Structures are given as C-alpha cells and as structure tokens.
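Here the structure is a predicted model, which means the values were calculated and not measured. Positions are given from 1, in the same order as the sequence printed here.
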Amino acid sequence: MSRTPDMVRLLDVDPDLGGLLNDSRREHAERELVVRTHRLPVGPWDVSRLAGATADHVGLLVIDGILSRELVVADHVSAELLGPGDLVRPWQPTSRTGLLPVDAVWTVLSPMTVAVLDRRFAAEMTRYPEITAALFDRLSERSLRLATTQAISQLTRVDRRLKALFWHLAERWGRVSGDGVIVPLALTHRILGQLVGARRPTVSTALSELAEREELTRRPDGSWLLRGDPPDAESLARKPAPSGQASARGQDLMRPARRFEREAQAAEAEPEVVSAIDRLRDALEPGELRELLDRRRGGPEDAA
C-alpha cells in the first residue's frame with residue numbers, strides 16, 4: 001500500500017477521538033493505542049491489494065489528505081469526498097447482491113496518511129468504548145454529509161447546486177479570510193459535476209456565471225473563494241424565475257409557474273361561474289334546470 005510504515009500514538013494524530021475520555025483514561029489510551037500509518041501518493045488507489053483484510057479489521061482512518069470515492073452505475077458517476085477523521089473500509093465489495101452492477105473507484109487527491117486500525121487495535125479498543133462511540137459518531141456524520149450532498153444535487157439550476165455545495169464544503173474545510181471564505185480543495189470541473197449531478201460542460205458554464213457575479217472564484221493555487229452570505233432556505237427553494245431573466249436558466253421552473261398561473265386564474269373565475277348557475281336556478285321552475293342539463297348532455301329525453 002505504501003512504503004515503510006510508521007508507528008504513532010493514535011490520540012496524538014487524532015486528539016478528537018479521545019473527547020469522551022476523562023483525564024486519567026485518556027492518559028492510558030494515549031500510551032496504549034499505538035497504530036501503524038501509511039503514506040499514499042496522489043493518484044488512483046488500487047484497493048484490490050487490501051482484499052485480504054479480514055472482517056475484524058476496523059478500517060483505515062484518514063489522518064491527513066483528501067480522498068475521493070466514485071461510484072459508477074453504467075455511465076453515471078457519483079463522487080464522495082473524504083478527509084481527516086473519516087473511517088473507510090475500501091476492501092468492502094460495492095455490490096453484495098449483484099442485482100445492480102456498481103463499481104467503486106478510489107483516487108487520492110492530495111498526499112494522504114492513513115492509520116491502520118487492524119485486529120490488534122480492535123482488541124485494545126474494547127477497553128475504551130468511548131473511542132468506539134466516537135468512531136460511530138464519525139460514521140453517522142459521514143452518512144449525514146452524503147444525504148446533504150444528495151439533496152444538493154436535486155436543486156434546480158446547476159449554479160445554485162454549486163453554490164450550495166461549496167458552502168457545505170466550507171463547513172468542514174473552509175478558512176475565513178479578508179476576501180471571503182477559502183475552500184482549500186483543488187477540485188476539477190469533472191469531480192464537481194459528479195458531486196452535484198451535472199455534466200462537466202454545464203458545470204463550467206455555471207462556474208463562469210458564479211464568477212461573473214463574484215460569488216465563487218477559483219484562486220491561482222486551485223482553491224476556491226466564496227463571497228457573500230451562505231444561501232438560506234428561501235433562496236434554495238423551488239420558485240419561478242424573476243421577470244426579465246433569461247428563460248434558458250429558468251427553463252426547469254416554467255412548467256410549475258404556468259401551472260400555478262392557471263390554477264390562480266381558475267380560482268378567480270370560480271365565483272363568477274357559481275354566481276351564474278345560481279341566477280339560472282332562480283329563473284327556472286323546479287325540475288327545469290335538471291331537464292336543461294340533461295338535454296345539454298344528450299340525456300334520455302333527447303335520445304328518445
């Protein structure tokens with residue numbers, strides 16, 4: 001997987017894992033929980049070499065660096081970004097049932113260090129259930145991030161998806177500067193498209209629009225600069241495009257807008273129709289309205 005492994009104290013490289021321990025137990029854990037680390041270079045990660053890992057291996061804990069996992073279904077790809085604190089088990093098969101063919105592609109985006117939480121560590125960790133709980137919290141947070149990214153990919157207009165995505169990434173990786181919030185991730189247009197569910201050319205166009213509005217720009221070092229305020233629920237909600245705006249960007253909103261317009265017109269016309277029927281009922285003798293309606297529909301009397 002890498003070159004010569006190094007031995008480190010787990011709580012030295014990831015102090016947050018011991019957040020639930022009291023002082024005395026933390027001191028013991030710092031001394032006893034020693035793990036191997038491996039350094040991974042940038043590029044595709046061949047995880048087939050890890051296929052021999054047994055079920056009692058806890059996993060690989062990312063210490064530093066950025067990793068992407070791309071799930072491929074036919075010609076569609078969905079990406080996930082992983083970073084410090086994430087626990088991964090890349091030797092797990094992507095599809096257990098085989099009913100839906102799914103492939104996984106792992107890529108190291110920046111030099112990465114992982115801690116090997118093997119079966120020896122699993123045995124030692126039984127004395128520290130607080131650390132087990134902390135790892136479960138990490139898995140829960142990862143699940144929430146995945147669900148959030150999925151919701152972002154369903155927003156209308158790709159520029160809104162990208163803006164929401166970068167503010168979502170800023171919560172974890174962002175740094176506040178005098179010009180705005182810096183997201184230090186050198187993400188290509190292709191990966192961004194996989195994160196928001198859009199084709200690369202569409203992503204490029206949307207990024208140009210955001211740059212023109214000075215909401216999101218790419219810095220010379222490949223990182224991204226966010227300006228303005230994070231989007232709120234109202235700005236992300238599905239709504240008709242403002243009048244005078246180019247119809248191309250709001251095309252996906254036109255049908256709902258027209259439907260609502262027709263419903264509004266129907267609601268305005270309804271009182272007039274009811275009033276006309278009431279006047280007609282008053283002008284006719286009892287039973288004549290029913291006879292008139294039957295004739296209108298081609299009822300029994302006309303059929304005879």
Side-chain angles (χ1 to χ4, degrees), residues 14 16-17 40 44-45 47 50 57-97 99-110 112 114-115 117 132-174 181 183-200 202-203 206 216 224 226 230-233 236-238:
D14 193 340
D16 291 341
L17 274 181
L40 301 175
W45 184 17
V47 299
L50 304 174
H57 281 62
V58 177
L60 302 176
L61 183 68
V62 180
I63 302 302
D64 58 47
I66 305 296
L67 174 70
S68 74
R69 184 189 67 163
E70 300 170 65
L71 292 182
V72 184
V73 180
D75 60 343
H76 295 272
V77 182
S78 174
E80 175 189 11
L81 295 180
L82 300 160
D86 284 324
L87 181 68
V88 298
R89 291 168 58 88
W91 52 83
Q92 286 181 303
T94 54
S95 179
R96 295 182 180 274
T97 64
L99 297 179
L100 180 66
V102 180
D103 293 321
V105 178
W106 298 82
T107 306
V108 179
L109 301 180
S110 67
M112 186 173 68
V114 295
L117 308 186
T132 303
L135 288 173
F136 283 154
D137 285 343
R138 300 274 180 92
L139 294 175
S140 178
E141 291 170 2
R142 179 181 171 188
S143 175
L144 179 59
R145 292 198 305 268
L146 278 171
T148 302
T149 304
Q150 182 183 27
I152 289 173
S153 69
Q154 299 178 46
L155 293 173
T156 55
R157 294 213 322 259
V158 176
D159 60 326
R160 296 167 67 196
R161 296 182 202 172
L162 289 168
K163 182 178 178 180
L165 172 69
F166 272 97
W167 280 108
H168 174 54
L169 296 176
E171 290 185 10
R172 185 179 187 189
W173 282 294
V181 179
V183 181
L185 302 175
L187 303 175
T188 65
H189 292 194
R190 179 184 64 82
I191 292 179
L192 289 173
Q194 294 169 1
L195 288 168
V196 300
R199 299 291 184 181
R200 186 188 58 78
T202 309
V203 169
L216 175 66
W224 300 84
L226 274 167
D232 54 18
L236 295 177
R238 194 186 301 267

Once you round to the nearest 0.5 Å, how far does CG of L67 lie from OG1 of T107? 7.5 Å

Heavy-atom side-chain proximity of E171 to T148 below 4.5 angstrom: no

Closest heavy-atom pair, L50 versus P90, reported as atoms and distance to 0.1 Å, is CD1-CG, 3.6 Å

Quick one: pull up CD in Q194 and OG in S68 and give me the separation to the nearest 0.5 Å. 7.5 Å

Within the 3.5 Å criterion, strictly below it, is a donor on T156 or R160 matched to an acceptor on the partner's side chain? yes

Distance check, rounded to the nearest 0.5 Å: W167 atom CH2 versus L162 atom CG? 14.5 Å

Determine, for R172 against D86, whether the closest basic-nitrogen to carboxylate-oxygen distance falls under 4.0 angstrom. yes

Please give me the minimum heavy-atom distance between D14 and L61, naming the atom from each residue. OD2-CD2, 3.6 Å

Under a 3.5 Å distance rule, please check whether S153 uses its side chain to pair with a backbone N or O of G197 as donor and acceptor. no

So which atom in I63 and which in P84 form the shortest heavy-atom distance, rounded to 0.1 Å? O-CB, 3.5 Å

Short side-chain to backbone donor-acceptor contact, R199 and R190, under 3.5 Å: no

W224 and H189 aromatic ring geometry - parallel, tilted or perpendicular at 30°/60° bounds: tilted

For the residue pair V88 and R142, what are the closest heavy atoms and their distance? CG1-NH1, 4.1 Å

Contact check, side chains of L40 and W45, non-hydrogen atoms, under 4.5 Å: yes

Please examine the side chains of I191 and L109, heavy atoms only from C-beta on, and report whether any two atoms are closer than 4.5 Å. yes

Close side-chain approach of L117 and L60, heavy atoms under 4.5 Å: no

Would L169 and L187 count as a side-chain contact (heavy atoms from CB on, under 4.5 Å) here? Give the steps. CA-CA 11 Å; L169 296 176; L187 303 175; 3.9 Å; yes

Check the pair L82, I66 against side-chain contact (heavy atoms from CB on, under 4.5 Å), reporting the backbone distance first and the verdict last. CA-CA 6 Å; L82 300 160; I66 305 296; over 6 Å; no

Work out which heavy atom in L71 is nearest to a heavy atom in A104; give both atom names and the distance. CD2-CB, 3.8 Å

Under the criterion side chain to side chain contact (heavy atoms under 4.5 Å, CB included), which of L87, L17, V62 is the partner of R138? L17

Let me confirm one number: the CG-CG distance from L144 to L139, rounded to the nearest 0.5 Å. 13.0 Å

Going through the distances and angles, do H168 and R145 end up as a side-chain contact (heavy atoms from CB on, under 4.5 Å)? CA-CA 9 Å; H168 174 54; R145 292 198 305 268; 4.2 Å; yes

Can you name the nearest heavy-atom pair linking G59 to W91, along with the distance? CA-CH2, 3.6 Å

Measuring from atom CG of L195 to atom CD of E70, what distance do you get when rounded to the nearest 0.5 angstrom? 9.0 Å

Apply the test side-chain contact (heavy atoms from CB on, under 4.5 Å) to residues L155 and R161: give CA-CA distance (whole Å), side-chain angles for both, the deciding distance (0.1 Å), then the verdict. CA-CA 6 Å; L155 293 173; R161 296 182 202 172; 3.8 Å; yes

In the structure I gave you, are the side-chain heavy atoms of L146 and E80 within less than 4.5 Å of one another anywhere? yes

May I ask you to check whether over 12 heavy atoms, not counting those of R200, lie within 6.0 Å of atom CZ? no

Option passing side chain to side chain contact (heavy atoms under 4.5 Å, CB included) with F166 (candidates I152, L192, L185, V181): L192

4.5 Å side-chain heavy-atom contact, V73 and L100: yes

